[in-house]
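Letters A, B, ... are given to chains in the order of the sequence lines, protein chains preceding strands, and every chain is numbered from 1. All heavy atoms count here, side chains included; hydrogens, waters and symmetry mates do not.
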Number of protein chains: 2
Amino acid sequence: MSGKAKRNGSADIKMSDIARHAGVSPMTVSRALREPSTVSEKMRRKVDAAVREFSYLPNRIAGSLSSKRSNVVGLIVPSIRNSLYANMVQAISDVLRANGFHLMIANSGHLLDDEEALVSALLAQRVCSLVLHNTTHNKRVRDLVAKTGVPVVETGNLPTEPLDMAVSYSNFEAARAMTAHLGRLGYRKIGFVTLPLRDNDRSEERRRGYFTALKELGLPADPTLVLEAPGGFSEGADALMRLIQIHPGLDAAFFAGDVLAVGALFECQRRGWAVPGRVAIASFDDLDLLRHAVPTVTTLRIPRHEIGRRSAELLVNRLLGASPERVRIDVGFEIVQREST
Amino acid sequence: MSGKAKRNGSADIKMSDIARHAGVSPMTVSRALREPSTVSEKMRRKVDAAVREFSYLPNRIAGSLSSKRSNVVGLIVPSIRNSLYANMVQAISDVLRANGFHLMIANSGHLLDDEEALVSALLAQRVCSLVLHNTTHNKRVRDLVAKTGVPVVETGNLPTEPLDMAVSYSNFEAARAMTAHLGRLGYRKIGFVTLPLRDNDRSEERRRGYFTALKELGLPADPTLVLEAPGGFSEGADALMRLIQIHPGLDAAFFAGDVLAVGALFECQRRGWAVPGRVAIASFDDLDLLRHAVPTVTTLRIPRHEIGRRSAELLVNRLLGASPERVRIDVGFEIVQREST
DNA sequence: CTGTTAGCGCCTTCAT
DNA sequence: ATGAAGGCGCTAACAG
């Protein structure tokens with residue numbers, strides 16, 4: 001009894017059926033559903049009754065094809081799992097939904113060529129616009145975006161030359177500011193633990209910011225003060241221990257990833273090291289966790305939610321008719337000084 | 001210069017253009033793209049060349065309309081932000097993508113009527129199936145699902161009567177097992193902190209499991225041992241302090257939400273209370289965090305990733321032709337005994 | 001305000 | 001193995 005590939009369900013009633021049962025033309029049904037104000041009270045009621053009677057759900061696939069308009073936005077993030085992105089996605093989702101749009105989501109796993117495959121796939125689905133959490137793209141992606149002309153928002157970093165619109169903070173400035181902050185507090189031997197640098201403009205920028213600040217502080221830019229670690233609690237702990245082994249005089253460590261910082265903090269607790277007495281710890285991104293840990297952790301507050309919200313708002317405006325113009329919004333960041341430094 | 005609503009971009013080349021340039025019929029292009037093996041080598045090469053030359057992206061909207069088949073799965077979660085769901089979503093996304101499907105995601109914010117609106121919207125988009133992180137639905141949702149006949153997977157709890165397929169663990173059994181575990185360890189005055197119970201079958205079930213275990217342990221089912229708290233670190237800390245105020249002899253607290261447990265743990269650290277010396281702490285869901293905190297936290301390991309993976313696999317099989325049959329998969333759970341109890 | 005006509009871009013079906 | 005005809009369900013554009 002198996003049967004072939006499942007057809008997409010639906011009750012199989014279409015607009016013309018509703019029209020027939022309501023005694024009107026299909027066009028009137030269409031209008032009653034999409035722009036009720038253009039239809040007379042009487043017609044509208046007949047239509048509504050028939051729609052309810054059959055639980056009619058308009059086929060938006062057909063609608064999109066016909067109108068050449070879609071209400072689905074495509075989103076590509078490096079990882080869905082990561083709570084930082086999740087925060088942004090939530091905001092995007094909320095704004096889109098409030099405006100009648102939907103979200104198609106995909107994750108690229110940090111690979112540029114995967115991004116290309118996903119951009120193609122989403123454009124084949126005829127999404128009406130794209131959000132990319134990434135500001136370096138391969139040529140094909142840039143070409144596709146240019147060619148299709150869909151509105152695009154890039155986030156995650158501030159590109160010097162956005163594809164279209166960009167909403168982000170500057171990873172460079174943020175890392176620089178935190179490093180400077182640590183210098184101002186009197187720390188002289190400041191380690192830096194970065195997330196993987198490969199194919200990741202954000203990580204690169206953060207490291208650049210760190211070195212720039214060191215220079216401005218008149219501190220030596222010692223490359224052995226920098227360690228690369230994949231995200232994770234253990235990795236943060238390891239990194240701190242290795243740094244301290246190399247530099248027993250290390251007095252502060254700046255982690256370019258919140259989970260790394262917390263891992264290091266836990267390791268200190270385990271060893272009974274005072275933070276910041278033995279070593280100060282600073283983090284990147286304001287996870288709730290950091291505000292509640294003991295000690296509370298100094299960090300950079302990045303308005304992830306705002307990034308999502310404003311990205312979606314820009315798209316919605318554009319989709320609703322705003323004229324295309326390159327936009328580059330810097331949402332900034334904030335240093336949150338807490339007990340750990 | 002403003003211009004009307006933005007049309008969905010696309011390079012405006014369609015299959016017939018490719019066909020013309022390749023010197024074949026549109027049908028051959030269609031076949032060369034979808035089932036290359038049914039087309040001769042020569043034709044295929046001509047088509048491929050034209051496709052590449054124009055960077056042609058087939059219009060899947062048109063394809064879906066015509067074939068009555070969609071490759072988009074709809075997913076509704078209570079919250080995108082929550083990392084537990086994020087874990088599951090990631091797994092779903094991965095499996096779907098590996099099989100050529102896409103994911104449309106929406107969040108219901110725990111409201112049944114919002115779920116209805118989203119189910120309608122997703123079905124209007126003609127998603128080929130649904131994943132619902134929720135097992136109690138209002139009538140309209142049940143009707144729509146029945147009527148359209150799309151495959152549905154429910155997760156988040158094990159429904160006694162699934163709409164279609166279900167993949168989950170039992171919240172009841174999990175909470176019961178942890179409470180029993182605490183009893184076995186010798187704790188006699190075990191508090192329980194639950195997430196909001198309203199419209200949330202998962203929370204209800206957990207509480208039921210807790211009380212059942214107390215009874216089985218021969219301990220009094222004292223309702224003042226139960227506190228309801230919205231998720232959050234501070235809320236967990238508060239809840240523990242209130243419990244201890246009411247029951248100075250409290251020797252263990254079981255938090256039906258990981259963040260609550262960690263919040264309580266931090267509060268203990270802050271007060272210099274030994275955990276489990278002063279009070280033992282148990283959690284629900286195996287956040288990485290719990291394995292690294294000091295002390296490490298006893299918890300229930302729920303295979304969120306597996307839930308997502310198996311859900312998606314079930315759907316994919318069905319979409320690829322497996323015959324419809326009600327499935328109810330219990331992925332189980334595991335008690336992870338650590339230092340905090 | 002309502003209806004008619006003619007596609008949207010592709011795929012199913014049937015013929016060759 | 002390839003092509004021609006017709007239609008998926010809806011909406012734009014125009015007519016009344």
Side-chain angles (χ1 to χ4, degrees), chain A residues 4-5 7-47 50-51 54 56-72 123-126 128 148, chain B residues 4-47 50-51 54 56-72 123-128 148:
Chain A
K4 292 281 301 190
R7 267 35 177 187
N8 85 13
S10 110
D12 266 335
I13 19 177
K14 45 193 154 189
M15 202 172 265
S16 60
D17 297 325
I18 299 299
R20 190 154 24 79
H21 281 272
V24 302
S25 79
M27 211 40 233
T28 299
V29 177
S30 177
R31 285 196 269 252
L33 259 25
R34 289 177 305 130
E35 338 166 53
S37 67
T38 66
V39 162
S40 71
E41 176 72 27
K42 207 176 62 180
M43 290 284 176
R44 211 185 314 148
R45 287 215 319 240
K46 288 199 277 188
V47 170
V51 164
F54 296 96
Y56 169 64
L57 284 180
N59 184 334
R60 287 219 38 91
I61 293 276
S64 291
L65 178 62
S66 179
S67 66
K68 298 175 184 296
R69 218 176 287 137
S70 140
N71 62 156
V72 178
L123 289 175
Q125 301 284 346
R126 293 304 189 264
C128 58
T148 58
Chain B
K4 292 281 301 193
K6 180 83 184 159
R7 267 36 174 187
N8 86 13
S10 108
D12 265 337
I13 19 176
K14 47 193 152 192
M15 203 172 264
S16 59
D17 297 326
I18 299 300
R20 190 155 22 81
H21 282 272
V24 302
S25 79
M27 222 23 249
T28 299
V29 177
S30 177
R31 285 196 268 253
L33 257 27
R34 289 177 305 129
E35 338 167 54
S37 66
T38 66
V39 162
S40 70
E41 175 73 27
K42 207 176 64 182
M43 291 284 176
R44 210 184 316 147
R45 287 213 319 239
K46 285 198 278 188
V47 171
V51 164
F54 296 97
Y56 170 63
L57 283 181
N59 184 334
R60 287 219 37 92
I61 293 277
S64 290
L65 178 61
S66 181
S67 67
K68 298 173 183 295
R69 217 175 292 139
S70 140
N71 63 154
V72 178
L123 289 175
Q125 301 285 346
R126 293 305 188 265
V127 295
C128 56
T148 58

J.: Please, which pairs that meet side chain to side chain donor-acceptor pair (under 3.5 Å) have at least one residue in residues 33-44 of chain B, sequence neighbours excluded?
T.: B:Ser30-B:Arg34
J.: Answer yes or no: does a side-chain N or O of A:Thr28 lie under 4.0 Å from OP1 or OP2 of C:dG3?
T.: yes
J.: How many whole angstroms separate atom CD of A:Glu35 from atom C1' of C:dC1?
T.: 12 Å
J.: Heavy atoms only: give me the nearest B:Pro58-B:Leu33 pair and the separation to one decimal.
T.: CG-CD2, 4.1 Å
J.: Report the distance from atom CG of B:Leu123 to atom OG1 of B:Thr148, rounding to the nearest 0.5 Å.
T.: 4.5 Å
J.: Any idea which heavy atoms bring B:Thr28 and B:Val39 closest together, and the distance?
T.: O-CG2, 4.2 Å
J.: C:dC1 C1' sits how many Å from A:Arg45 CZ, rounded?
T.: 17 Å
J.: Rounded off to whole Å, could you give me the CZ-to-C1' distance for the B:Arg20 and C:dG9 pair?
T.: 14 Å
J.: Listing time: all N or O pairs from protein to nucleotides 7-11 of chain D that are below 3.5 Å?
T.:
residue : atom : partner : partner atom : Å
D:dG7   : N2   : B:Ser66 : OG           : 3.1
D:dC8   : O3'  : B:Lys68 : NZ           : 2.8
D:dC8   : O2   : B:Ser66 : N            : 3.4
D:dG9   : OP1  : B:Lys68 : NZ           : 2.9
D:dG9   : OP2  : A:Lys14 : NZ           : 2.8
D:dG9   : N2   : A:Ala62 : O            : 3.4
D:dC10  : OP1  : A:Tyr56 : OH           : 2.2
D:dC10  : OP1  : A:Asn59 : N            : 3.1
D:dC10  : OP2  : A:Met15 : N            : 2.3
D:dC10  : O2   : A:Ser66 : OG           : 3.1
D:dT11  : OP1  : A:Arg34 : NE           : 3.2
D:dT11  : OP2  : A:Ser30 : OG           : 2.5
D:dT11  : O4'  : A:Ser66 : OG           : 2.6

J.: Report yes if the side chains of B:Val72 and B:Arg60 come closer than 4.5 Å at any heavy-atom pair, otherwise no.
T.: no
J.: Would you give me the side-chain donor-acceptor pairs under 3.5 Å for residues 13-23 of chain B, sequence neighbours excluded?
T.:
residue : atom : partner : partner atom : Å
B:Asp17 : OD1  : B:Arg20 : NH2          : 2.6
B:Asp17 : OD2  : B:Lys14 : N            : 3.0

